[in-house]
Amino acid sequence: MISIKNLHAEVEGNKILKGLNLEVKAGEVHAIMGPNGSGKSTLASVLAGNEAYEVTEGTVDFDGADLLDLDVDERAKEGMFLAFQYPVEIPGVSNINFLKAALNEKRAHQGLEPIKAKDFLALVQEKSELVELAGKLKNRSVNEGFSGGEKKRNEIFQMAMLDPKFAILDETDSGLDIDALKVVSHGVNSMRSTERAFLVITHYQRLLDYIVPDFVHVLYNGKIIKTGPKELALELEEKGYDWLIEETV
Amino acid sequence: MAYEGDELLEEVTKKEYEFGFVTDIESDKIPNGLNEDVIRLISTKKDEPKWLLDWRLDAFKAWKKMTEPEWAHVNYAKPDFQSISYYSAPKQKVLLDSLDDVDPELRKTMDKLGISTEEQKRLQGVAVDFVMDSVSVATSFKEKLGELGIIFMSISEAVKEHPELVKKYIGSVVTKKDNFYAALNSAVFTDGSFCYIPKGVKCPMELSTYFRINEAGTGQFERTLLIADEGSHVSYLEGCTAPQRDENQLHAAVVELVALDDAEIKYSTVQNWYPGDATGKGGIFNFVTKRGICQKNAKISWTQVETGSAVTWKYPSCILKGDNSVGEFYSVAVTNNYQQADTGTKMIHIGKNTKSTIISKGISAGKSQNSYRGLVQINKSADNARNFSQCDSLLMTDTSGAHTFPYIEVKNHTAKVEHEATTSKIGEEQLFYCKQRGLNEEKAISMIVNGYAKDVLNKLPMEFAVEAQKLLAISLEGSVG
């Protein structure tokens with residue numbers, strides 16, 4: 001699905017990613033953990049194509065395409081989705097119209113007709129139930145006046161609507177209480193399939209109780225310093241990162 | 001919402017000024033220049049009564065003593081008033097009953113403007129008085145309106161058919177000596193629209209006029225007079241497009257609204273005149289005087305979407321003379337490239353318990369300058385007057401400018417006046433978010449900007465709102481930076 005080789009990236013002259021390698025196959029869920037400032041969110045931004053970050057070295061192959069050569073919206077239309085850590089508010093733009101526009105862009109890219117109003121509404125109904133998104137939130141302006149939990153649920157709702165093949169969840173669990181965490185995780189789990197891959201970025205093992213990963217990677221100082229099975233997350237929760245960092249040094 | 005932003009986006013694909021086409025119709029045009037003889041000639045050509053000629057000559061006398069206003073935050077080469085032809089009329093003069101009878105060239109023009117007969121069927125109940133240069137060439141729905149006693153015709157016709165109404169009200173809100181451009185308009189106006197809604201009549205359809213400047217080098221001086229008699233209601237739409245030109249064209253219109261006791265007028269404008277090319281060459285000069293007067297319990301609501309013109313100077317205003325009268329001004333003004341706009345409103349509170357609301361949304365892109373200039377005046381007599389003003393500016397680029405000049409004069413201590421203003425730059429984060437969902441930059445900008453302007457767009461009649469959204473998107477293509 002995605003193959004990252006020797007990725008270097010910087011923002012405003014600060015080198016953040018320093019030779020990152022990662023291989024994610026269809027059907028897999030990979031968790032990225034690591035201390036603050038290790039480059040987790042930078043990785044998410046670089047993969048999604050945020051122009052604030054400059055890639056200085058390395059390659060990313062996305063299902064046979066040179067990912068770094070694609071614009072942000074082209075990556076999205078090729079099936080990349082980023083659930084934002086801090087979803088932005090867009091005043092005056094209804095959540096539903098926004099999603100319909102996004103969905104039809106993707107469909108146009110795939111050579112499909114714009115979705116029929118009836119089908120769209122049915123899809124909205126189905127997917128919003130998945131994350132228990134209240135009706136009023138669907139029609140409000142994008143993220144405007146949403147609580148932290150509602151914003152995160154809205155991200156997962158959007159993900160479900162757009163049906164990506166590769167989804168990055170950037171600290172989706174931050175700011176969520178346990179009930180919201182369960183709802184969000186349920187939404188993600190119900191989307192797991194052999195066709196789709198997830199990259200789950202998180203600080204806390206807690207999320208991984210609900211979204212059980214196939215692999216856990218530890219990111220430190222711009223590189224992956226350890227990869228293990230899901231149990232690695234438990235070990236990190238118990239022992240922290242210092243022992244790993246010492247091992248690396 | 002009844003209209004879909006995304007469907008609209010799909011239609012928006014062209015970058016060049018879409019409506020920059022020229023219709024090839026023979027014109028009857030008088031030589032350039034302005035003097036009393038020219039005014040007499042215009043009046044004769046239009047077969048006008050003597051009182052109107054005298055009125056014009058009086059305005060011209062006043063105009064000669066006036067100087068062009070310079071207080072607006074705009075820079076431009078002042079027009080040479082002697083190098084303009086003050087009269088141009090398409091030769092086809094027969095008034096037609098049906099749009100099917102219209103000259104095919106005109107039909108094409110109307111098709112491009114999106115007011116084909118097909119569309120008119122869809123937009124049920126819109127009567128279109130199509131003004132091509134200075135003379136009306138097609139009027140529809142006249143009979144239906146006639147049954148209700150509604151008069152909707154060109155002002156030249158009205159001068160002949162309803163001289164008592166025209167004589168009584170013309171110049172009653174914007175006097176012929178009001179300002180430089182209003183005086184010029186009074187002296188040389190060639191046509192425009194006239195509308196009268198009788199007592200207690202609620203006009204069952206939106207009245208709509210499309211203005212169009214077509215003859216190269218022809219100044220256009222439209223005069224609109226709209227009278228809503230006691231207890232009547234009317235919604236009036238005005239939309240403008242103009243052919244692409246390499247030469248500045250002057251437009252100095254006057255619009256007068258009279259809302260008698262308990263009457264309500266909603267006046268909506270979508271203005272998309274040629275703004276000049278990307279280097280600032282060409283484009284329309286738009287110096288307009290628009291004003292309405294409200295008698296007791298009356299209401300006037302101005303809604304405007306301004307995307308065109310090289311230079312705009314325009315302040316649709318309300319004189320709230322009657323007690324309990326209401327004035328509203330909702331505006332979106334977009335400037336791009338080298339456009340300059342100085343626009344806003346005046347709310348003059350005279351009656352007791354008068355209320356006014358001002359919502360202004362400026363959007364500046366390219367190297368343009370966009371100013372809001374507004375006056376809220378609460379006179380001594382205006383007990384318990386209320387005003388709420390909100391002026392927001394959105395900057396698309398670092399090279400554009402947004403300015404706010406709010407003037408507030410309060411002479412009655414019971415007044416309550418609120419003013420809010422914000423300036424923001426279009427957010428990189430918002431753009432990234434939209435793009436990550438698969439919208440390209442243009443569509444993302446269009447979506448964000450239309451969201452920003454939604455409070456105003458929602459005040460427009462629906463079919464106009466759709467057109468306005470398109471114009472915003474077209475006007476701002478490739479504009480972020």
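So you know, we letter chains A, B, ... as the sequences are listed, proteins then strands, and number each from 1.
- Only the backbone of B/Tyr452 comes within contact range of chain A, with at least one heavy atom under 4.5 Å from a heavy atom of that chain.
- Taking a 6.0 Å sphere around NZ of B/Lys367, one finds it holds 12 or fewer heavy atoms contributed by other residues, nucleotides or ligands.
- Options A/Ala108, A/Ala48, A/Ala76, A/Gly49 differ in how many heavy-atom pairs under 4.5 Å they form with chain B, and the most are formed by A/Ala76.
- The backbone N or O of A/Glu89 lies less than 3.5 Å from a partner atom in the side chain of B/Gln430, making a donor-acceptor pair.
- The shortest distance between side-chain heavy atoms of A/Val93 and B/Ile448 does not fall below 4.5 Å.
- Contact annotation for A/Pro87: both backbone and side-chain heavy atoms come within less than 4.5 Å of a heavy atom of chain B.
- The environment of B/Glu418 atom CD is dense: over 12 non-hydrogen atoms of other residues, nucleotides or ligands sit within 6.0 angstrom.
- For A/Met159, no part sits under 4.5 Å from any heavy atom of chain B, backbone or side chain.
- A 4.5 Å side-chain heavy-atom check between A/Asp71 and B/Lys435 finds every atom pair outside the cut-off.
- In this structure, NZ in A/Lys77 is found 8.0 Å from CG in B/Leu439, a value given to the nearest 0.5 Å.
- Atom NZ of A/Lys151 has more than 12 heavy atoms from other residues, nucleotides or ligands within 6.0 Å.
- With a 4.5 angstrom heavy-atom cutoff, A/Tyr86 does not touch chain B via any of its atoms.
- The environment of CD in A/Glu23 is crowded: more than 12 heavy-atom neighbours from other residues, nucleotides or ligands sit within 6.0 Å.
- In this structure the side chain of B/Phe432 never reaches within 4.5 angstrom of the side chain of A/Val88, judged on heavy atoms.
- Looking at heavy atoms from C-beta onward, A/Phe84 lies in side-chain contact with B/Gln436 at the 4.5 angstrom threshold.
- Here the CZ-CD distance, from B/Arg437 to A/Glu105, works out to 14.0 Å after rounding to the nearest 0.5 Å.
- With a 4.5 Å cut-off on non-hydrogen atoms, A/Gln158 touches chain B through its side chain but not through its backbone.
- Interface remark: A/Ile90 contributes backbone and side-chain atoms alike to the contact with chain B (heavy atom separation under 4.5 Å).
- Atoms CG and OH, on A/Leu82 and B/Tyr433 in that order, are 9.5 Å from each other to the nearest 0.5 Å.
- Around the CD atom of A/Glu12, the shell of radius 6.0 Å holds no more than 12 heavy atoms that belong to other residues, nucleotides or ligands.
- Residue-environment remark: CD (B/Glu429) stays at or below the threshold of 12 foreign heavy atoms within 6.0 Å.
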